Protein chains: 2
Amino acid sequence: METKFNIENTQSQMRRGILEFCILSVIRRGEAYPSDIVEEMREAKLQVLEGTLYPLLTRLKNAGLLTYRWVESSSGPPRKYFSLTESGIEFYRKLEGTWDELANAVNTLKDKQESLPPLTDNQ
Amino acid sequence: METKFNIENTQSQMRRGILEFCILSVIRRGEAYPSDIVEEMREAKLQVLEGTLYPLLTRLKNAGLLTYRWVESSSGPPRKYFSLTESGIEFYRKLEGTWDELANAVNTLKDKQESLPPLTDNQ
DNA sequence: GTTTGGTACTTTGCGCCACATAGTACTATA
DNA sequence: TATAGTACTATGTGGCGCAAAGTACCAAAC
């Protein structure tokens, strides 16, 4: 049974945990509709796909962290413009702390240089 | 249908993507057996549980990134001491690059201060 | 030498969620 | 009206963290 570990999959897995945080971070700066968010994320090298984004936005809205209003567009159907609710702002702040701690922990671990004590076969 | 977004779950999701990288990072510094790894991760505030670690080590071994040897213990059954293979070392280096890019992208995004252009109802 | 407790490894099932894909709805243009 | 473009929705699949239960080995106590 062969398991493959390719970089693409790992990048996707790494993105997975922080998507929520990044999307809230974009919306925090002003009302945005899904295509705005996709574009911002793409520019930041954090590509997110529609099939991921829409369900996530819906979950966040159902959890009361986001709200939206319909805005007419001159070039197609109306758009859902999302913004943070009060509890969304609070949640975002917590996530920011979580991210900072995590990034710090990982950097500490990866920059550790000392070896573990060498092994004898009968310790 | 209520969806809950609690910090514990989000932290777990964030850890998810980087566990592989962190575990390889520990093993990179010298042969280690699972309890070593759990302990190192706990100290680094990146708790990982047995039910997560053992299957992950098995997957990494099956993919040829890790190898192990049995070492007798004076205080219980023998232990599997893991170390990186050549391709494991190579894979770790790629993951390091992936992490650096990701962390950089997230920090850039979260520190962005400018607002998105304000909306009119008929843009 | 049998019991008891600690340590190490394994297996199974569940739940979350990114992603792919297909589908629906609305608008504008030809 | 067709047709194309844009926006949103719904469904299925797979990966994987995690909990929990199970198996195996060892040592000390009796």
Side-chain angles (χ1 to χ4, degrees), chain A residues 1-23 32-39 41-42 46-63 66 68-82 102 122-123, chain B residues 1-23 32-39 41-42 46-63 66 68-82 102 122-123:
Chain A
M1 181 195 61
E2 186 70 12
T3 309
K4 56 173 193 283
F5 283 88
N6 53 6
I7 291 295
E8 291 73 24
N9 184 49
T10 299
Q11 289 174 326
S12 170
Q13 290 295 322
M14 283 191 180
R15 262 199 308 274
R16 179 190 176 99
I18 57 164
L19 269 186
E20 223 173 279
F21 173 55
C22 290
I23 286 165
Y33 84 108
S35 295
D36 282 340
I37 298 171
V38 168
E39 177 60 16
M41 297 285 282
R42 198 191 56 74
L46 289 164
Q47 188 178 30
V48 60
L49 303 177
E50 285 200 341
T52 301
L53 183 58
Y54 281 101
L56 178 53
L57 290 173
T58 300
R59 286 199 302 277
L60 290 166
K61 191 216 57 169
N62 289 340
L66 292 182
Y68 68 83
R69 62 187 181 105
W70 288 100
V71 176
E72 296 296 321
S73 162
S74 63
S75 63
R79 300 163 173 176
K80 276 185 175 178
Y81 273 82
F82 288 88
L102 183 77
N122 243 336
Q123 65 173 16
Chain B
M1 182 196 61
E2 186 71 10
T3 309
K4 57 172 191 283
F5 282 88
N6 54 5
I7 291 294
E8 290 74 24
N9 184 48
T10 300
Q11 288 174 327
S12 170
Q13 290 296 321
M14 282 191 181
R15 262 197 308 272
R16 178 191 177 99
I18 56 165
L19 269 187
E20 221 173 280
F21 173 55
C22 291
I23 286 165
Y33 84 107
S35 295
D36 282 339
I37 299 172
V38 169
E39 177 60 17
M41 297 285 281
R42 199 190 55 73
L46 289 164
Q47 188 178 28
V48 60
L49 303 178
E50 286 200 341
T52 300
L53 183 58
Y54 282 101
L56 177 54
L57 290 173
T58 301
R59 286 198 302 276
L60 289 166
K61 192 216 56 169
N62 288 341
L66 292 181
Y68 68 83
R69 62 187 180 104
W70 288 100
V71 177
E72 296 294 322
S73 162
S74 62
S75 63
R79 302 162 174 177
K80 277 186 175 178
Y81 273 82
F82 288 88
L102 184 77
N122 243 335
Q123 66 175 11

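Quick note on labels: first sequence line is chain A, next is B, and so on, each numbered from 1. The structure presented is a predicted model; accordingly, all values stated were derived computationally and were not measured.
Of the candidates dC9(C), dC17(C), dT10(C), the closest approach to any side-chain atom of R79(B) belongs to dC9(C).
The backbone N or O of E8(A) lies less than 3.5 Å from no partner atom in the side chain of S12(A), so there is not a single donor-acceptor pair.
Applying the 4.0 Å criterion to OP1 and OP2 of dA18(C), one finds that R59(A) has a side-chain N or O inside that range. Look at N9(B) and you'll find a side-chain N or O under 4.0 angstrom from OP1 or OP2 of dC17(C). Proximity of Y54(A) to the phosphate of dA10(D): no side-chain N or O atom is located under 4.0 Å from OP1 or OP2.
One can find a donor-acceptor pair under 3.5 Å joining the base of dC16(C) and the side-chain atoms of R16(A).
Two residues are said to be in side-chain contact when any heavy atoms from C-beta on lie closer than 4.5 Å; F82(A) and R69(A) fail this criterion.
Taking the ring centre of Y68(B) as origin, the terminal cationic atom of K80(B) falls inside the region bounded by 6.0 Å and 45° from the ring axis.
Note that the CG atom of L102(B) and the CE atom of M14(A) stand 7.0 Å from one another [nearest 0.5 Å].
With sequence neighbours excluded, the residues satisfying side chain to side chain donor-acceptor pair (under 3.5 Å) with E20(A) are T10(B). Taking E39(A) as the reference, R42(A) meet the side chain to side chain donor-acceptor pair (under 3.5 Å) condition, with sequence neighbours excluded.
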Check: For every nucleotide of nucleotides 18-30 of chain D, 5' to 3': is a protein heavy atom under 4.0 Å from its base (B), only from its sugar-phosphate (S), or from neither (-)?
Finding: BB-----BSS---

